[in-house]
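First comes the structure, then the notes that go with it.
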Amino acid sequence: MPNPLSPEQIAFYRAHGWVAAPGFFSPAEVADLSRWTDDLLARPERPGAHWVYYEDSRTEPGRRIVQRIENFCPHHAEFDGIVRGGRLL
C-alpha cells in the first residue's frame, strides 16, 4: 500500500510525534469511525472490556465529557481492522 502521507508530513510526525492529515479518511470512513465510537460508548462498562475515560468540560461546568477510549481493538472488530491492519498501521 502506498504511503498516504507526504514526505513533509512524515518528517513533521518524526519531529513532533503527531501530524494533521486532512483527507486521510474519506467522509464515509469518518462516519464509520463516529458510529463505531458511539457503539463503544453505548456499551456497558465491564471488567476486561474497553476503557472509557472522562474529564470535566472546560466550557460547561459540571459536565463530564469523553477524554479517550482505550483497549477497544480487542472488543471491536471494525476498529481493530482499521487500527491494526489498515492505513494507521
Side-chain angles (χ1 to χ4, degrees):
M1 170 185 291
N3 195 324
L5 300 177
S6 70
E8 294 80 16
Q9 288 172 309
I10 293 168
F12 186 93
Y13 177 81
R14 287 184 176 142
H16 302 282
W18 67 274
V19 67
F24 186 83
F25 290 112
S26 71
E29 290 169 321
V30 171
D32 286 342
L33 292 167
S34 180
R35 189 175 66 256
W36 300 341
T37 301
D38 291 342
D39 174 54
L40 285 171
L41 291 173
R43 294 180 183 189
E45 292 187 51
R46 59 181 179 78
H50 66 293
W51 309 323
V52 180
Y53 295 87
Y54 294 86
E55 66 180 21
D56 294 330
S57 171
R58 293 183 181 190
T59 59
E60 297 178 49
R63 181 171 179 235
R64 303 278 291 162
I65 58 173
V66 175
Q67 194 263 350
R68 70 182 186 277
I69 304 173
E70 294 183 5
N71 195 41
F72 52 88
C73 285
H75 309 284
H76 200 283
E78 293 88 357
F79 259 131
D80 187 58
I82 204 162
V83 171
R84 297 198 285 194
R87 278 175 284 152
L88 285 178
L89 184 61

Worksheet item: Taking ILVMFWY side chains as joined if any heavy atoms are under 4.5 angstrom apart, and letting links pass through other members, which residues group with Ile65?
Response: none

Worksheet item: Going hydrophobic residue to hydrophobic residue with side-chain gaps under 4.5 angstrom, can you get from Trp36 over to Phe24?
Response: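 Shared cluster, yes.
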
Worksheet entry | same_hphob_cluster(Trp51, Tyr54) at 4.5 Å side-chain heavy-atom cutoff |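 The answer is no; the residues belong to distinct hydrophobic clusters.
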
Fill in: salt bridge (Lys or Arg N to Asp or Glu O under 4.0 Å) partners of residues 17-34, not counting sequence neighbours, each pair once
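Found Glu29-Arg87, Asp32-Arg35.
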
Fill in: Where at least one partner belongs to residues 67-76, residue pairs that pass salt bridge (Lys or Arg N to Asp or Glu O under 4.0 Å), sequence neighbours excluded
Arg68-Glu70

Worksheet item: What residues form a salt bridge (charged side-chain N to carboxylate O under 4.0 Å, His left out) with Arg64, not counting sequence neighbours?
Response: Asp56

Worksheet entry | Shortest non-hydrogen separation from Asn71 to Ala49 and the atoms involved | ND2-O, 3.1 Å

Practice prompt. Over all heavy atoms of both residues, which pair between Pro74 and Arg84 is shortest? Give the atoms and the distance, please.
Written response: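 Closest pair (atom of Pro74, atom of Arg84, distance): N-NH2, 4.0 Å.
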
With a cut-off of 3.5 Å and sequence neighbours excluded, list every side-chain donor-acceptor pair involving residues 38-46.
unit_1: Asp39; atom_1: OD2; unit_2: Arg43; atom_2: NE; d: 3.3
unit_1: Asp39; atom_1: OD2; unit_2: Arg43; atom_2: NH2; d: 2.8
unit_1: Asp39; atom_1: OD2; unit_2: His76; atom_2: NE2; d: 3.2
unit_1: Arg43; atom_1: NH1; unit_2: His75; atom_2: O; d: 2.6

Discussion item. Once ring-ring contact (aromatic ring centres under 6.0 Å, His included) is applied, do any residues pair with Tyr13, and if so which ones, sequence neighbours excluded?
Written reply: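 Result, ring-ring contact (aromatic ring centres under 6.0 Å, His included) vs Tyr13: none returned.
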
Discussion item. Quick one: does any side-chain atom of Ser34 pair with a main-chain N or O of Val30 as donor and acceptor, under 3.5 Å?
Written reply: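 Absent.
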
Item to complete: For this output row, return yes or no: ring centroids of Trp18 and Phe12 closer than 6.0 angstrom.
Response: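 Under 6.0 Å, so yes.
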
